[in-house]
Amino acid sequence: NQELSMPDEFEVVVRGLVVRNDPNTANGKTFLIGQRRASSTHPLAGQWCIPEGQPRALENPCDDVVRQIREETGLITEFREVIGTSTEKRLLNSRYSRYYWLIWVCLNPTNDPDAIKQGSDWRKFVWVSGRQVLELTTPRYQASWPRPIKQIEAPNRRLLFLQNSH
């Protein structure tokens, strides 16, 4: 039997699920999703993912993701709630990996949600339905989502994501 060992430390990453009302979708919501530049050094380079950030020293994690989204998209958001937490292992290369503690928060845009600029590490940002989030993101990326993310109910009690049908 090989003994599994846990890492000594985790880095904190805050993922910001930005949600806007959209009557043209099945559940009345669309979500901000970005595609990282393939040339980025980020472990998720080239992939579609939910905007995220790593808090600076002594920075509140929720303030961090609001700041990161503003810097990368020009979008001003308002913190709504913490959705959940999860962990993720990212391979840095063939020999090393890094472990992350992910804090998932729900945010709402407070300025024009269509006035998005493209950030330096991102190829583009788009608003998509819950079904499109599931179609664009990889199963490996989705594996890091906390259980509530697939079936979370927002403060107004409406289903955010359509459940993934396996």
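Please read these numbers as outputs of a predicted model, since none were measured by experiment. Atoms considered below: every heavy atom in the structure, side chains included; atoms not considered: hydrogens, waters and symmetry mates.
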Between Cys62 and Val14, is there a side-chain heavy-atom distance shorter than 4.5 Å?
no
Would Gln142 and Thr137 satisfy side chain to side chain donor-acceptor pair (under 3.5 Å), going step by step from the backbone distance to the final call?
CA-CA 7 Å; Gln142 293 172 20; Thr137 56; 2.9 Å; yes
Ion pair Arg67/Glu71, N-O distance below 4.0 Å:
yes
At what distance, to the nearest 0.5 angstrom, does CG of Leu134 lie from CD1 of Ile33?
9.0 Å
What's the spacing between Arg20 CZ and Thr110 OG1 if we round to 0.5 Å?
13.5 Å
Ignoring hydrogens, what is the shortest heavy-atom contact between Ala45 and Arg36? Give both atom names and the distance.
CA-CB, 4.1 Å
Starting at CD1 of Ile83, measure out to CD1 of Ile103 and round the result to the nearest 0.5 Å.
12.0 Å
Measure the CZ-CG distance between Phe125 and Leu32 for me, rounded to the nearest 0.5 Å.
6.0 Å
Heavy atoms, side chains only, cut-off 4.5 Å: are Val126 and Trp48 in contact?
yes
Check whether more than 12 heavy atoms from other residues, nucleotides or ligands sit under 6.0 Å from atom NZ of Lys89, and answer yes or no.
no
Would you say Ile76 ends up clustered with Val105 if hydrophobic residues are merged whenever their side chains have heavy atoms under 4.5 Å apart, either directly or through other cluster members?
no
Kindly compute the distance separating CZ (Arg15) from CG (Leu102), expressed to the nearest 0.5 Å.
4.5 Å
From Asn108 CG over to Arg80 CZ, what is the distance, rounded to the nearest 0.5 angstrom?
5.0 Å
Between Trp145 and Tyr141, what is the ring plane arrangement, given parallel below 30°, perpendicular above 60°, and tilted in between?
perpendicular
Side chain of Trp127, backbone of Asp22: donor and acceptor closer than 3.5 Å?
no
